[in-house]
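A short worksheet on the structure shown next.
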Amino acid sequence: MRRPRVRLRRPRGTAEVAWACVVAVAVLVLAVRVVVHTATVLMDAWPVVLVIAVLAGALAALNTARSIAAGRRAAERLAVLRMTPAELDSMDDRAFEEALGSLLIRDGWQARRVGGRGDQAADVIGEHAHLGRLVVQAKHTAVGGRVGVRVMYEVNGTAGPVHRARHAVVVTNGAFTRDAMDWGERHGVHWVDRERLRRWAEDGAALHELLRLTARPNRFGRAA
């Protein structure tokens, strides 16, 4: 059932107008008294309010300083990040992917791990202001393991169409078959074997310099 709308009507007659004025004055007086009372309380308690404000400001400044210092320390640690092949060999698949993401961040990329079920041949995605997007497929193997050409097919099929990446890279702590390396060279899928990984992770060479990545448009059709 629809409720009837309540409408206020204007006072009629001298008596109603007078009562309306009295009510308005009473409300105004009450509002003024509330404001005056609040101001009086604040004036009486201003030392306490001031102390609280100072303490709150100091706490906020301290938290900000701590956050800045922690960020600076993390950046400094990351800037000198080095990992040996033996350390990378000892990792599981997830830790290996996270390590590659950290190395990209060290090199100036914004990187995030995306590996897992349904990753569509992308374990780490990196973004660079000048070089665009990069997809990394990580293949952590037993020492002496070899990555075949099938992995190159998979990365080639998803890097551009699915992930909209300009660069595709397959990284392993092992080796690649000759067919995989040749196919990657022909189709623009970069490969990082154990020796290149050592130069990247342990020697500190930037990945984009190691692979000579450029910002020019490539086979995925995306310009810088």
Side-chain angles (χ1 to χ4, degrees), residues 74-75 77-128 131-213 218-220:
R77 287 195 301 269
L78 195 57
V80 295
L81 177 65
R82 297 290 186 274
M83 301 179 193
T84 66
E87 290 172 329
L88 294 167
D89 291 340
S90 66
M91 298 177 179
D92 59 20
D93 292 348
R94 182 186 182 92
F96 185 63
E97 294 165 6
E98 292 175 347
L100 300 185
S102 296
L103 290 170
L104 281 175
I105 294 173
R106 181 201 68 186
D107 294 346
W109 296 72
Q110 293 182 352
R112 67 186 189 279
R113 177 186 174 274
V114 295
R117 183 176 299 177
D119 60 22
Q120 300 190 80
D123 293 315
V124 179
I125 292 180
E127 300 280 354
H128 194 280
L131 300 175
R133 177 173 294 179
L134 175 145
V135 164
V136 174
Q137 172 72 344
K139 289 297 178 183
H140 190 261
T141 70
V143 177
R146 297 172 71 83
V147 177
V149 72
R150 181 178 178 180
V151 175
M152 298 297 192
Y153 299 157
E154 294 172 352
V155 174
N156 182 65
T158 62
V162 175
H163 303 292
R164 309 304 296 165
R166 183 174 297 113
H167 311 286
V169 184
V170 181
V171 181
T172 183
N173 61 318
F176 290 87
T177 64
R178 172 52 59 185
D179 287 344
M181 290 187 290
D182 290 344
W183 196 93
E185 296 290 349
R186 290 196 306 271
H187 295 86
V189 178
H190 301 278
W191 51 268
V192 175
D193 61 2
R194 188 175 185 83
E195 174 56 24
R196 288 183 174 179
L197 180 59
R198 184 194 65 77
R199 292 165 58 191
W200 180 26
E202 186 174 17
D203 292 351
L207 182 65
H208 52 275
E209 295 175 355
L210 191 64
L211 300 179
R212 298 180 180 178
L213 303 183
N218 69 355
R219 63 192 178 87
F220 298 134

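One-based numbering along the sequence shown.
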Residues Asn156 and His187: closest non-hydrogen pair is OD1-O, 4.0 Å
Quiz: residues 201-211 side-chain donor-acceptor pairs under 3.5 angstrom, not counting sequence neighbours:
residue	atom	partner	partner atom	Å
Asp203	OD1	Arg198	NH1	3.2
Asp203	OD2	Arg198	NH1	3.0
His208	ND1	Trp109	NE1	3.2

Where is the tightest heavy-atom contact between Val155 and Ala168, given as atom of each residue plus distance?
CG1-CB, 3.6 Å
Do you know the tightest heavy-atom contact between Pro85 and Arg194?
CB-NH2, 3.5 Å
Heavy-atom closest contact (Val114 atom, Ala122 atom, distance)
CG2-O, 3.3 Å
Not counting sequence neighbours, which residues clear ring-ring contact (aromatic ring centres under 6.0 Å, His included) with His140? List them please.
Phe96
With Asp107 via side chain to side chain donor-acceptor pair (under 3.5 Å) - residues at least two apart:
Trp200
To the nearest 0.5 angstrom, please state how far the NE2 atom of His190 sits from the CZ atom of Arg212.
11.5 Å
Residues in side-chain contact (heavy atoms from CB on, under 4.5 Å) with Arg150, at least two apart?
Glu154
Rounded to the nearest 0.5 Å, how far apart are CD of Glu97 and CG of Asp123?
4.0 Å
If you define the side chain from C-beta out and look only at heavy atoms, does anything of Val135 sit under 4.5 Å from Gln120?
no
Between CZ of Arg196 and OG1 of Thr172, what distance do you get to the nearest 0.5 Å?
13.0 Å
Would you please test His128 and Leu134 for side-chain contact (heavy atoms from CB on, under 4.5 Å) and show each step?
CA-CA 8 Å; His128 194 280; Leu134 175 145; over 6 Å; no
Across all chains, not counting sequence neighbours, the salt bridge (Lys or Arg N to Asp or Glu O under 4.0 Å) partners of Glu127 are Arg133
Non-neighbouring partners of Glu185 that pass side chain to side chain donor-acceptor pair (under 3.5 Å), sequence neighbours left out
Trp191
CE of Met83 to CE of Met91: how many Å apart, nearest 0.5 Å?
5.0 Å
With side-chain contact (heavy atoms from CB on, under 4.5 Å) as the test, would you mind laying out the steps for Leu197 and Leu100 before giving the verdict?
CA-CA 10 Å; Leu197 180 59; Leu100 300 185; 4.2 Å; yes
Does Ala175 have any side-chain contact (heavy atoms from CB on, under 4.5 Å) partners at least two apart in sequence or in another chain, and if so, which?
Arg146
Residues at least two apart in sequence or cross-chain that pass side-chain contact (heavy atoms from CB on, under 4.5 Å) with Ser90, listed by chain then number, are none
Take atom CZ in Arg186; do more than 12 heavy atoms of anything else shown fall under 6.0 Å from it?
yes
Less than 4.5 Å apart, side chain to side chain, heavy atoms only: is that true for Arg106 and Arg82?
yes
Hits for salt bridge (Lys or Arg N to Asp or Glu O under 4.0 Å) against Arg94, two or more places apart or cross-chain, chain-then-number order -> Glu98
If the condition is salt bridge (Lys or Arg N to Asp or Glu O under 4.0 Å), which residues does Arg178 pass it with, not counting sequence neighbours?
Asp182
Set of residues satisfying salt bridge (Lys or Arg N to Asp or Glu O under 4.0 Å) with respect to Asp93, sequence neighbours excluded:
none
Identify which one of Val192, Val171, Val147 satisfies the side chain to side chain contact (heavy atoms under 4.5 Å, CB included) criterion when paired with Lys139.
Val147
Look only at the side chain of Thr177 and the backbone of Gly148, and say whether a donor-acceptor pair between them is shorter than 3.5 Å.
no
Measure the OG1-CG distance between Thr141 and Asn173 for me, rounded to the nearest 0.5 Å.
4.0 Å
Closest contact, heavy atoms only, Trp183 versus Val189
CZ3-CG2, 4.2 Å
